[in-house]
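Everything below concerns the one structure shown next.
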Number of protein chains: 2
Amino acid sequence: MKPFHSYQNPSLAIDLVVFGYQQHTLSVLLLNRNEAPFKDTWTLPGAFLQMEERFKDTCARVLKTKLGMDDVYLEQLYSFDEPDRDPRGRVIAVAHYALINPKNFAITAGSMANDVKWFNIHEMPALGFDHKTIFTQALQRLRSKILYFPVGFELLDDLFTMPELHELYECILDISIDRRNFRRKILDSQYIINTGKKREGLQNRHPDLYKFNKKLPKNAFQLNIN
Amino acid sequence: MKPFHSYQNPSLAIDLVVFGYQQHTLSVLLLNRNEAPFKDTWTLPGAFLQMEERFKDTCARVLKTKLGMDDVYLEQLYSFDEPDRDPRGRVIAVAHYALINPKNFAITAGSMANDVKWFNIHEMPALGFDHKTIFTQALQRLRSKILYFPVGFELLDDLFTMPELHELYECILDISIDRRNFRRKILDSQYIINTGKKREGLQNRHPDLYKFNKKLPKNAFQLNIN
DNA sequence: ATAACTTTGTGTCAAATCAACACAAACAAG
DNA sequence: CTTGTTTGTGTTGATTTGACACAAAGTTAT
């Protein structure tokens, strides 16, 4: 397919904010550019949209070829249109954010070139283009979405414990939440199911293992923050 | 500015879901196309993005030239990328929605060609392209946004009464809300200010006139629906 | 006038929810 | 088997909510 009319179109790119959670830290994946513009500067991964691609295809292509990731939670964030956001010319960016589970995190963390790196969201370097804005907006979106939709599970293993989920929420929202009230809210929402199993390990009391409830109950979930 | 790389880009358009409120009805503005594709079919207003334009510029251009409207509340909705959403070729649409106040509503309702028409959201005709999807998503967004952000005021005059605001909410959300509990919620939120004036008219008791509080209080506003 | 009716503003109260906390059970280490 | 830590469960007072009653301010009819 070709564009059917004659005047010039802006270029179309997608940019990706890839979130991962490990070591009690929420992190974002950045690339260090090896060419101008913004050579030797950290930026969000991205690519130009190919003519036959849908946004998710482009995202998947970036995640697969540049980062070696498969099967990732993806959501469209916002489209950015500042005329000078790219010094090379007019580029519209349709930003998405991705949530990856620890399995993918481990893969990338191991086999990673030194121009690809996870950054703690509290220790971000300066970013090229308008990627700081995009990152900030993605974080905001994640924070507000997690309050009413069970999107956090995408960042955990299939089986997880209540303390793990609790800490994930505290980490993403950057606040402390009462452990017991949190538990009650989550359980009432029926978003998770107790598998009966326990996590064995080096800890003290072995916590129950839960899994995400795939048939979403309509029990509204609203986590209130003070 | 020109696109700096060589491969073909999809065309970029914006589509607009223009909401208006009058006669106790939430309506959307539609255009009847006079050329193929979708000739003689109702569609959302829209235009192709010009090289120097930002999204809001294109929106303003459509609102001004096609509809004669100025100074409208605008928000980006979502970007639509189905490869065959336009039979002429690949077109990415960055959809926005607009909320217009009764002043603009009156202007357009008067001087309107017969290929431009307001439709009650409950009596929508079949729409061309993927505009049904876009409209549905815009309505959803408006409905969820109004629950926690004072966006409804954009659809009313500068001065409005509590019953008017109440009915607007009932109309947008398509539910009935207890008049007195609604009042309490709104007043607690401090989103509106009592001007001391009263609405004179044909009614019974003259209701107080309120205005929108421009310096938004951080008093969280959360209207709960049952 | 004044009585009857409509609409708007204000207040009440039981039920549900929430925030803060106590306590017991399960496990490890000494 | 005692001490310390973590996890699961329950309690309680305060706040918020949902469902109302009632009074005040108008209009219309008699």
Side-chain angles (χ1 to χ4, degrees), chain A residues 23-24 146-148 156-157 159-171 173-211 213 217-226, chain B residues 23-24 146-148 152 156-157 159-171 173-211 217-226:
Chain A
Q23 312 285 130
H24 318 294
I146 208 177
L147 295 179
Y148 66 89
L156 296 176
D157 279 321
L159 295 184
F160 52 89
T161 68
M162 191 62 79
E164 283 163 4
L165 187 62
H166 174 239
E167 198 188 305
L168 172 65
Y169 271 72
E170 289 195 328
C171 192
L173 296 170
D174 201 25
I175 57 172
S176 80
I177 305 172
D178 184 277
R179 181 176 67 86
R180 294 148 286 188
N181 295 335
F182 175 79
R183 158 186 286 274
R184 177 162 36 92
K185 272 275 190 175
I186 295 285
L187 290 180
D188 284 357
S189 77
Q190 295 183 303
Y191 278 157
I192 65 175
I193 297 171
N194 194 324
T195 62
K197 301 179 205 162
K198 309 245 175 212
R199 164 142 303 164
E200 311 292 337
L202 314 168
Q203 309 146 41
N204 297 313
R205 178 166 179 175
H206 297 170
D208 297 353
L209 280 169
Y210 293 87
K211 64 178 177 183
N213 182 359
K218 45 196 160 215
N219 252 15
F221 172 71
Q222 178 66 44
L223 190 63
N224 296 312
I225 302 307
N226 325 344
Chain B
Q23 314 285 131
H24 319 295
I146 208 178
L147 295 179
Y148 67 90
L156 296 176
D157 279 320
L159 296 184
F160 53 88
T161 68
M162 191 62 81
E164 283 163 5
L165 186 63
H166 174 239
E167 198 189 305
L168 172 65
Y169 271 72
E170 289 196 328
C171 193
L173 296 170
D174 202 24
I175 57 170
S176 79
I177 305 172
D178 184 277
R179 182 176 66 86
R180 293 147 288 187
N181 294 335
F182 176 78
R183 158 186 287 275
R184 186 181 41 195
K185 272 275 189 173
I186 295 285
L187 290 180
D188 284 358
S189 77
Q190 295 182 302
Y191 278 157
I192 64 175
I193 298 171
N194 194 326
T195 62
K197 301 180 206 163
K198 309 247 173 208
R199 165 142 298 163
E200 312 291 337
L202 314 167
Q203 309 147 39
N204 298 313
R205 178 168 179 172
H206 297 169
D208 297 354
L209 280 169
Y210 293 86
K211 64 178 179 184
K218 45 195 161 216
N219 250 15
F221 172 72
Q222 178 66 46
L223 190 64
N224 295 312
I225 302 307
N226 325 345

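In the text below, chain A, chain B and the rest are named by the order of the sequence lines, each starting its count at 1.
Every residue was checked against the side chain to side chain contact (heavy atoms under 4.5 Å, CB included) condition with A:N204, not counting sequence neighbours, and none meets it. With sequence neighbours excluded, the residues that form a ring pair (Phe, Tyr, Trp, His ring centres under 6.0 Å) with B:F182 are B:H166, B:Y169. Considering only residues two or more places apart in sequence or on other chains, B:R199 meets the side chain to side chain contact (heavy atoms under 4.5 Å, CB included) condition with B:T161, B:E164, B:Q203, B:P207, B:L209. Scanning for salt bridge (charged side-chain N to carboxylate O under 4.0 Å, His left out) contacts around B:K211 gives an empty result, with sequence neighbours left out. Residues passing the salt bridge (charged side-chain N to carboxylate O under 4.0 Å, His left out) test with B:D174, sequence neighbours excluded: none.
Taking atom CG of residue A:D188 and atom P of nucleotide C:dA16, one finds them 14 Å apart after rounding to whole Å. Between B:I186 atom CD1 and C:dT10 atom P the separation is 15 Å, expressed in whole Å. What separates CD1 of A:I175 from P of C:dA20 is a distance of 12 Å, to the nearest Å. Between A:K185 atom NZ and C:dT17 atom C1' the separation is 8 Å, expressed in whole Å. Atom CD of A:Q222 and atom P of D:dT16 are 15 Å apart (whole Å). The separation between A:E200 atom CD and C:dC27 atom C1' is 10 Å, rounded to whole Å. One atom, CD1 of A:I177, and another, P of C:dC18, lie 14 Å apart when rounded to the nearest Å.
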| What string of B, S and - do you get for nucleotides 2-11 of chain D, 5' to 3', when a contact is any protein heavy atom under 4.0 Å? | --BBBBBBB-

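Around atom CD of A:Q23, no more than 12 heavy atoms belonging to other residues, nucleotides or ligands sit under 6.0 Å away.
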